[in-house]
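I have placed the structure first, in the form of structure tokens, so that the comments after it can refer back to it.
Only a predicted model underlies this, so the values are computations on that prediction, with no experimental measurement involved. A note on names: the letters A, B, ... follow the listed sequences, proteins ahead of strands, and every chain is numbered from 1.
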Amino acid sequence: MANIVVLVKRVPDTNARIVVNGNQVDLSAVKWVISPYDEFAIENALQHREAHGGSVTALTLGPSDADKVLKDAKAIGVDEIVRVWDDSWGELDSNGVQIALTEAITNLNADVVYCGKNAADTGAGSTGPGIAERLGWASVSNISDVSFDGGVTVTAPADGGSAKISLPTNVVISCDKGSVKVRKPNVKGIMMAKRSQVNVVSASAPSASITFVSHSPPPAKPAGKKYEGASSANEVAKLLRDEANVI
Amino acid sequence: MSESMIIAETSKGIVSPVTAELVSAAIALGTNPTVIVPCTDSSIADSAGYDGVAKTIAIKGDCFTNYDASSWASAIDAVMPSGSIVVAATPQSKDLAARIAAKRGLAVVQDVVKIDGKNLTSPVFSGKAMQTVSATGDFVISVRANIFQSASEGTANVSVIDQSGDVATAVQEIMERASARLDVSEANVIISGGRGMGSPDNFSHLERIADVLGAAVGASRAAVDTWDEIPHNMQVGQTGKTVNPNLYIAVGISGAIQHLAGMRSSKYIVAINKDADAPIFSHADYGIVSTWEETLPILEAALSSMMS
Ligand SMILES: Cc1cc2nc3c(=O)[nH]c(=O)nc-3n(C[C@H](O)[C@H](O)[C@H](O)COP(=O)(O)OP(=O)(O)OC[C@H]3O[C@@H](n4cnc5c(N)ncnc54)[C@H](O)[C@@H]3O)c2cc1C
Ligand SMILES: Nc1ncnc2c1ncn2[C@@H]1O[C@H](COP(=O)(O)O)[C@@H](O)[C@H]1O
């Protein structure tokens with residue numbers, strides 16, 4: 001029996017257009033979803049439960065807006081949904097996020113944590129390994145496949161290829177897309193999720209040593225050159241050597 | 001001047017060239033860098049000497065045989081002096097950076113592409129915006145490749161420290177990549193195919209060009225999802241790998257926003273697509289409107305004659 005926690009984060013839909021307004025992104029018009037890699041984390045967590053027994057708790061850190069992704073996780077099949085937040089928090093840097101999530105995970109008596117390899121907004125990939133360090137646990141990141149025969153074995157990238165790695169009980173597993181198909185919510189799940197309650201908990205978080213300054217649009221590229229017809233490949237090859245100096 | 005610790009990038013028992021770029025990044029932070037080389041054979045640190053670096057510390061331990069985040073972090077932390085920490089933004093080093101940052105109670109900023117004093121800029125929202133943050137005290141950063149100039153080589157003044165770490169995870173089996181070809185996350189040149197390649201067999205045309213250029217072969221998600229022969233580790237994009245090579249050649253790829261998320265920061269982008277309106281052309285430095293069937297043989301011939 002395993003007490004499994006899966007981290008889910010609310011992020012803008014990856015199809016959303018991100019507009020920088022003044023010196024900050026304007027997210028008022030975007031649709032919000034579960035961060036894509038967290039969907040793989042949820043699926044792996046559910047398979048863990050099905051193989052070894054136990055329960056899955058989805059945990060998010062965020063204001064009440066984030067309840068929606070927890071309910072989405074509930075509809076997919078997690079047992080409990082918990083949100084950690086404290087209105088007194090100021091800006092949180094990686095330390096703050098990790099310390100607060102670690103406190104919540106400890107209070108949930110988790111045995112194992114699944115999360116995404118990175119969040120679609122930060123792109124960082126810091127949270128899984130950072131939490132593992134704070135829990136004093138092992139961690140493995142960017143895993144593509146998990147097998148639950150006997151213990152827990154994952155496939156992860158290794159120098160020159162990939163490796164099959166067997167994991168101890170207490171571990172944080174950061175999930176890449178693998179060969180698993182993520183399940184979709186069914187009608188019963190959606191109905192249950194509607195009626196479910198988010199358990200809101202508090203935790204302490206230190207003030208940030210890394211603080212936000214500004215957002216800006218990505219550097220504009222000069223307009224490229226476009227050619228018609230296959231024979232222009234000769235010209236492009238020359239430009240790659242003489243203009244771009246990349247070959 | 002405050003101190004910084006560069007954790008050298010190593011692969012297959014050598015110190016990777018990107019380490020020289022980290023030296024320039026550390027100097028841009030206004031810090032005085034020391035290079036740390038985690039290794040099983042300390043002689044590899046002899047090549048890790050750079051202009052502007054007074055000291056190289058080789059940390060030698062059996063735990064560095066395979067990557068295990070907790071043992072690497074504890075072995076390095078035990079002997080690495082304090083200061084800000086700079087690593088390369090490769091998947092493994094980003095992971096290590098996050099663990100060491102947590103161990104030392106420091107905040108971490110990943111994928112830094114610009115340093116201006118203590119202001120650090122990195123892509124957010126899959127490259128659809130850039131974010132600048134300001135750091136106080138010591139901090140940990142990972143730095144993207146191909147952005148900072150390489151520091152010139154110097155003599156390495158190496159001290160060797162033996163250190164062990166308790167390995168928490170057990171590697172049962174290493175599966176070498178089937179081909180000798182580089183992985184997309186390691187390559188400076190990538191040629192990728194999409195659904196427009198028509199069949200997985202046609203990827204052989206991309207492989208031939210990859211052989212000429214010493215490139216890695218990548219793929220769109222549509223290619224990976226449609227054909228079992230194209231493995232997920234080739235996928236570039238939102239739910240695949242993020243790459244920033246010097247040259248990215250997209251063949252039969254439409255340029256969906258999730259694909260762009262993984263490759264838009266490439267220095268030069270070439271697109272080959274038969275549809276003149278394909279979105280990929282808005283991001284290409286050089287676009288060729290034509291079928292790959294007609295274009296790739298000509299491109300291969302032109303590149304072969306240049307490279308020989
Ligand atoms: C949450 C989420 C995550 C995603 N993550 C990723 C990701 O990581 N990576 C990714 O790539 N996609 C991702 N996608 C999918 C993405 O939206 C696109 O569906 C995908 O990138 C399309 O792949 P494609 O360009 O190969 O195929 P298509 O869009 O079908 O394009 C094929 C192109 O080939 C061209 N073509 C056809 N025949 C020829 C020919 N003979 N010669 C030359 N050109 C030809 C066509 O004109 C067309 O432009 C994701 C989607 C979602 C919703
Ligand atoms: N605020 C959060 N709430 C819940 N999970 C989070 C949060 N931030 C990060 N995570 C988890 O950590 C993963 C990596 O996030 P990041 O380190 O920001 O790239 C995400 O995919 C989530 O699984």
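- A donor-acceptor pair shorter than 3.5 Å can be found between the side chains of Ser126(A) and Gln110(B).
- For Asn142(A), the part sitting under 4.5 Å from any heavy atom of chain B is the side chain, from C-beta outward, and nothing else.
- When atom types are taken as modelled, the side chain of His232(B) and the backbone of Lys177(A) share a donor-acceptor pair closer than 3.5 angstrom.
- Proximity to chain B (any heavy atom under 4.5 Å) is shown, for Lys238(A), by both the backbone and the side chain.
- In this structure, Lys226(A) is positioned above the aromatic face of Phe281(B), its NZ or CZ under 6.0 Å from the six-membered ring centre and within 45° of the axis.
- Contact annotation for Val167(B): neither backbone nor side-chain heavy atoms come within less than 4.5 Å of a heavy atom of chain A.
- Looking at Thr153(A), the atoms closer than 4.5 Å to chain B (heavy atoms on both sides) all sit in the side chain, from C-beta outward.
- Summarising the geometry of Ala124(A) relative to Lys94(B), their closest heavy-atom pair is O-CE, 3.1 Å, with the distance given to 0.1 Å.
- Within the 4.5 angstrom heavy-atom criterion, only side-chain atoms of Gln98(A), from C-beta onward, approach chain B.
- Atom-to-atom distance recorded for Arg104(B):CZ and Glu133(A):CD is 11.0 Å, nearest 0.5 angstrom.
- Atom OH in Tyr268(B) sits 6.0 Å away from atom CD in Glu243(A) (nearest 0.5 Å).
- Scanning both residues, Gly229(A) and Ile288(B), for their nearest heavy atoms gives O-CG2, 3.6 Å.
- The side-chain heavy atoms of Phe139(B) and Ser209(A), taken from C-beta on, include no pair separated by under 4.5 Å.
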For Met175(B) and Lys164(A), run side chain to side chain contact (heavy atoms under 4.5 Å, CB included): C-alpha distance rounded to whole Å, both residues' side-chain angles, the deciding distance at 0.1 Å, then the answer.
CA-CA 8 Å; Met175(B) 292 151 293; Lys164(A) 269 211 167 65; 3.7 Å; yes
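- Between Glu235(A) and Tyr286(B), the side chains place no donor N or O within less than 3.5 Å of an acceptor N or O (distance only, hydrogens not considered).
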Under the criterion side chain to side chain contact (heavy atoms under 4.5 Å, CB included), I'd like the reasoning laid out for Thr14(A) against Ile257(B): C-alpha separation, chi angles, the key distance, then a yes or no.
CA-CA 8 Å; Thr14(A) 60; Ile257(B) 198 150; 5.7 Å; no
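- The parts of Phe212(A) that come within reach of chain B are both its backbone and its side chain, each placing non-hydrogen atoms under 4.5 angstrom from that chain.
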Show the numbers, then the answer: is there a side chain to side chain contact (heavy atoms under 4.5 Å, CB included) between Val124(B) and Thr122(A)?
CA-CA 5 Å; Val124(B) 287; Thr122(A) 66; 5.6 Å; no
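- Judged purely by atom type and a 3.5 angstrom limit, Tyr67(B) has no side-chain atom pairing as donor or acceptor with the backbone of Pro157(A).
- Neither the backbone nor the side chain of Ser174(A) comes within contact range of chain B, judged by heavy atoms closer than 4.5 Å.
- Rounding to the nearest 0.5 Å places OG of Ser139(A) at 10.0 Å from CG of Leu96(B).
- The heavy-atom pair separating Arg99(B) from Pro129(A) by the smallest distance is CG-O, 3.4 Å.
- When the candidates Gly96(A), Ser162(A), Ala223(A), Ala16(A) are compared by the number of heavy-atom contacts under 4.5 Å with chain B, Ser162(A) comes out ahead.
- For chain B, the nearby part of Leu27(A) is the side chain; its heavy atoms alone come within less than 4.5 Å.
- Side-chain atoms of Asn95(A) come within 3.5 Å of backbone N or O of Gly105(B) as a donor-acceptor pair.
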Would Tyr227(A) and Val289(B) satisfy side chain to side chain contact (heavy atoms under 4.5 Å, CB included), going step by step from the backbone distance to the final call?
CA-CA 6 Å; Tyr227(A) 302 89; Val289(B) 183; over 6 Å; no
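- For Val108(B), the parts lying near chain A are the backbone and the side chain together; criterion is any non-hydrogen pair under 4.5 Å.
- Heavy atoms of Asn246(B) lying under 4.5 Å from chain A belong to its backbone as well as its side chain.
- If you take NZ on Lys117(A) and CG on Asp95(B), they are separated by 11.5 Å, rounding to the nearest 0.5 Å.
- For the set Ser166(A), Ala237(A), Gly161(A), the count of heavy-atom pairs under 4.5 angstrom toward chain B peaks at Ser166(A).
- Contact between Ile165(A) and Thr169(B) at its shortest, heavy atoms only, is CG2-CB, 3.6 Å.
- For Ser70(B) against Trp137(A), the heavy-atom pair with the smallest separation is CB-O, 4.2 Å.
- Contacts between Lys267(B) and chain A at a heavy-atom distance below 4.5 Å involve the backbone alone (N, CA, C, O).
- A donor atom on one side chain and an acceptor atom on the other are found under 3.5 Å apart for Asn15(A) and Gln258(B).
- With rounding to the nearest 0.5 Å, the separation of CD1 in Ile210(A) from OG1 in Thr136(B) is 7.0 Å.
- The structure places CD1 of Ile247(A) at 5.0 Å from CG of Leu303(B), a figure rounded to the nearest 0.5 Å.
- The minimum heavy-atom distance between Lys128(B) and Pro218(A), with the atom names listed, is O-CD, 3.2 Å.
- With a 4.5 Å cut-off on side-chain heavy atoms, Gln131(B) and Val213(A) do not count as touching.
- The parts of Asp159(A) that come within reach of chain B are both its backbone and its side chain, each placing non-hydrogen atoms under 4.5 angstrom from that chain.
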